[in-house]
Amino acid sequence: MNHGWIGVIAGMLLAGPAHAQSADVDPVAPSGEPPVAATEVPGIVEPETGAPWPTPAVPAYGTPSPGAFPAPSQVIRISNPPPQRLPVLRRPPTDGQIIDMSPQGSSWFERLRAGRQRVETPVSGPAMTSQMVPMTGVAPQMLPEIPGQEVILMEKAAQDQLPPPPGDVPPSSGSPTEPLQLPQPRPLDMAEPAVQEFEVPPGQWWFGVDFLLWFMDKPRLPIPLLTTASTAGTNSTSTGALSSATTQILFGTEDLRFGNYPGGRFSIGYWFAPERILGLEANIFNVEASDVLAVVSGSDTTSGVLSRPFTNAASGVSQAAVVAFPTTQTGTVSILATSQLVGGEINLAAKFIRGVESDWDLIAGLRCLALEESLEVNQSTLAGTGNTMRFGGVAVANGSTVAAFDRFETRNRFTGAQIGVRKETRLTNMILGCQIKVAAGATRQNIRIDGGSTLTAAGTGAVTSLPGGILALPTNIGTVVVNEFTVVPQLQFSVGYQCMEHLRLWASYECLLWTNTARPGDQIDPNVNVTQMPTSANFATFTGPVRPVVPLEQESLFLQGLSFGMELKY
């Protein structure tokens, strides 16, 4: 609070043989203003002009008990003091306490000792109150409260009851009736200590709930999963092969996408002190997508042909496994993909820059991420008249059903240390936020491949099963575990509105990059040794190249999206 200042000079003469004692009055000067010298006036001095204020009538309150004072107390009452002029009367020659009672609601006790040591203790209150202040060698007085006025109490005791001043007030050598010779006032820095006020949101606990709408980049595919032929031609391994000029792709790399990833996030935090210097925070989120990407039957195509393309590992020639062909066999292919991302973190937050409108926080902690994805291709074929189908090297009877599936699953688990910085800027009720975090650690990759084929015999319904489908065969079926060093940076921009004292609404854009992740499409090897394929006419004892294998290909996962939420503090 920026107060004006008023120097107060009080002079009193004591009757009797005791000699007069000078009073030392220090003017209160605001920061940056030079002190104003006091003059010999019987009342109060106007600090700017030096002109004396009129001294009002001074009533005396209370009568001291006999022996308490050799001289009466004096009470100075100032009616309706000018605004921002808060008189303070001090008494340096004695070891005591003086009180300034301010109607503005903020008072300061000033303890002045002989060596001019000063101790300040703030006392706050909504209204002016009367205080009883003890002083060395003097009985206290209680003054009644009078609204709209300032009351200043000055106790004066006999000289023989007070220690002599420490040399800064020259002794009087004149008559007791002579006026006091007041020394030139000594500057005393009475400026209030600078206090920086901050807009600190209320509460040490906070909770946040967000709705997430994220988008993930599509996985890669080394080969299209489903083709057709523009003309029927003949039912052979070249029907629907990628090398054929009549082949059309029904499901390729561009079709392996999920769209948006909806989900949610829950956050909790606690500041260890109301000053919000050090705190602990944590959050957990989940986004996922599961979709049947394609269900195609032979009747859905112009030619009635459905094929699963691959490359013959022994010859290097592009071939295809025919699922549906006009008049001889009908079939259906379905492609299913799932993806789920779960994450959480726990951090210590420390405020290292704090301003009136903006704060900077340093955060450090632990981050965990888990990504589970799968890609599955299922096919089913009903053998018709004149079919050339084989299962386990044996011809398939009319009316029998042959089914096969390939499943590729990946699980990525990341754990690492994290560090970051964030800034929050407050513009009235609007809040702008920005944060960047970087985590580094290890990602444990778990790759699981499975496949199988079954024959359901016509009439009897007997089921025969063999391992391996089309792209998942005994040479790559199984589980592989790999550990990779990973970096996960995340960037977030947000805008909020303080709609209530304890409630904020948020909207954010954020993006996250996760390096070295294993995804299902990357684990497909298009090179196949057909001697392992149960539906191939070349199925036999395994010979030739060991293909397919697990490629162990990796890619960076990139997510971005929007979040909308609320934050509650108390």
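All heavy atoms count here, side chains included; hydrogens, waters and symmetry mates do not.
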Residues [X] and [Y] bridged, charged N to O under 4.0 Å:
X      : Y      : answer
Glu372 : Arg413 : yes
Arg448 : Glu376 : no
Lys569 : Glu501 : no

If you apply the rule side chain to side chain donor-acceptor pair (under 3.5 Å), what do you find for Thr338 with Ser374, and how did you get there?
CA-CA 5 Å; Thr338 64; Ser374 67; 2.4 Å; yes
In chain order, what residues pass the side chain to side chain donor-acceptor pair (under 3.5 Å) check against Thr332, with sequence neighbours excluded?
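Applying side chain to side chain donor-acceptor pair (under 3.5 Å) to Thr332 gives none.
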According to side chain to side chain donor-acceptor pair (under 3.5 Å), who are the partners of Ser339, at least two apart in sequence or on a separate chain?
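Side chain to side chain donor-acceptor pair (under 3.5 Å) list for Ser339, sorted by chain: Tyr261, Glu373.
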Using side chain to side chain donor-acceptor pair (under 3.5 Å), reason through Glu288 and Asn286 one step at a time and then give a plain yes or no.
CA-CA 7 Å; Glu288 60 181 282; Asn286 175 74; 3.2 Å; yes
Between [atom1] on residue [X] and [atom2] on residue [Y], distance to nearest 0.5 Å:
X      : Y      : atom1 : atom2 : answer
Asp300 : Leu306 : CG    : CG    : 7.5 Å
Leu455 : Ser400 : CG    : OG    : 5.5 Å
Asn446 : Asn483 : CG    : CG    : 10.5 Å
Ile449 : Arg407 : CD1   : CZ    : 12.0 Å

Determine whether [X] and [Y] make a side-chain contact, defined as any pair of heavy atoms from C-beta on separated by less than 4.5 Å.
X      : Y      : result
Phe325 : Thr239 : yes
Phe391 : Ser453 : yes
Trp506 : Glu567 : yes
Val377 : Ile470 : no
Leu250 : Thr301 : yes
Leu369 : Val342 : no
Phe310 : Leu242 : no
Val488 : Thr515 : no

Member of Val322, Leu382, Val396 meeting the side chain to side chain contact (heavy atoms under 4.5 Å, CB included) criterion with Gln329:
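It is Val322; the other options fail the test.
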Output all residues satisfying salt bridge (charged side-chain N to carboxylate O under 4.0 Å, His left out) with [X], sequence neighbours left out; order by chain, then residue number.
X      : result
Glu484 : none
Lys351 : Asp359, Asp361
Arg220 : Asp522, Glu555

Residue list, ring-ring contact (aromatic ring centres under 6.0 Å, His included) with Phe251, at least two apart or on another chain:
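Result, ring-ring contact (aromatic ring centres under 6.0 Å, His included) vs Phe251: none returned.
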Thr486: which of Asn516, Thr443, Thr415, Thr517 passes side-chain hydrogen bond (donor to acceptor under 3.5 Å, both in side chains)
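Among Asn516, Thr443, Thr415, Thr517, the one meeting side-chain hydrogen bond (donor to acceptor under 3.5 Å, both in side chains) with Thr486 is Thr443.
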Judged by modelled atom types alone, do Gln490 and Glu510 share a side-chain donor-acceptor pair under 3.5 Å?
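Result is yes, a qualifying pair exists.
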According to ring-ring contact (aromatic ring centres under 6.0 Å, His included), does anything in residues 472-495 pair up with another residue at least two apart or in another chain? List the pairs.
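Sorted pair list comes back empty.
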Using the salt bridge (charged side-chain N to carboxylate O under 4.0 Å, His left out) rule, collect all pairs that involve residues 303-312, keeping only residues at least two apart or in two chains.
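For residues 303-312: Arg308-Asp406.
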Check [X] against [Y] and note the closest heavy-atom contact, atom names and distance.
X      : Y      : result
Phe539 : Thr531 : CD1-O, 3.4 Å
Lys423 : Ser358 : CE-CB, 4.0 Å
Pro467 : Pro534 : O-CG, 3.5 Å
Cys499 : Leu505 : SG-CG, 4.1 Å
Gly298 : Ala324 : CA-CB, 3.8 Å
Thr227 : Gly240 : OG1-O, 2.8 Å

Without swapping roles, check the side chain of [X] against the backbone of [Y] for a donor-acceptor pair under 3.5 Å.
X      : Y      : result
Ser380 : Ala403 : no
Ser303 : Ala229 : yes
Thr311 : Val317 : no
Thr381 : Val323 : yes

Could I get the full list of side chain to side chain contact (heavy atoms under 4.5 Å, CB included) partners for Arg547, not counting sequence neighbours?
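For Arg547 the side chain to side chain contact (heavy atoms under 4.5 Å, CB included) partners, ignoring immediate neighbours, are Ala313, Asp525, Asn527, Pro545, Val549.
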Taking side chain to side chain contact (heavy atoms under 4.5 Å, CB included) as the definition, give me every residue that meets it alongside Ala518, ordered by chain and number, with sequence neighbours left out.
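Residues passing side chain to side chain contact (heavy atoms under 4.5 Å, CB included) with Ala518: Thr410, Asn412, Gln445, Ile447, Gln523.
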Step by step, would you call Asn312 with Val530 a side chain to side chain contact (heavy atoms under 4.5 Å, CB included)?
CA-CA 7 Å; Asn312 190 315; Val530 294; 4.0 Å; yes
Intermediate values then yes/no, side chain to side chain contact (heavy atoms under 4.5 Å, CB included), Glu345 and Leu366:
CA-CA 6 Å; Glu345 56 185 301; Leu366 181 69; over 6 Å; no
Distance-only criterion, 3.5 Å: show the donor-acceptor pairs between side-chain atoms of residues 207-217 and protein atoms not counting sequence neighbours.
from   : atom 1 : to     : atom 2 : distance (Å)
Asp210 : OD2    : Arg265 : NE     : 3.2
Asp217 : OD1    : Arg519 : NH1    : 3.4
Asp217 : OD1    : Phe558 : N      : 3.4

Please walk me through it: do Lys437 and Arg367 pass side chain to side chain contact (heavy atoms under 4.5 Å, CB included)?
CA-CA 10 Å; Lys437 298 179 286 189; Arg367 179 160 203 164; 4.1 Å; yes
Step by step, work out the side chain to side chain donor-acceptor pair (under 3.5 Å) result for Gln560 and Tyr509.
CA-CA 8 Å; Gln560 62 177 331; Tyr509 166 81; 2.8 Å; yes
Could you walk me through whether Trp206 and Glu281 satisfy the side chain to side chain contact (heavy atoms under 4.5 Å, CB included) test, starting with their C-alpha distance in whole Å, then the side-chain angles of each, then the deciding distance to 0.1 Å, before giving a yes or no?
CA-CA 9 Å; Trp206 59 266; Glu281 59 187 27; 3.5 Å; yes
Under the side chain to side chain donor-acceptor pair (under 3.5 Å) definition, can you give me all pairs with a residue in residues 465-479, not counting sequence neighbours?
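Applying side chain to side chain donor-acceptor pair (under 3.5 Å) to every pair that reaches into residues 465-479, excluding sequence neighbours, yields Thr475-Gln532.
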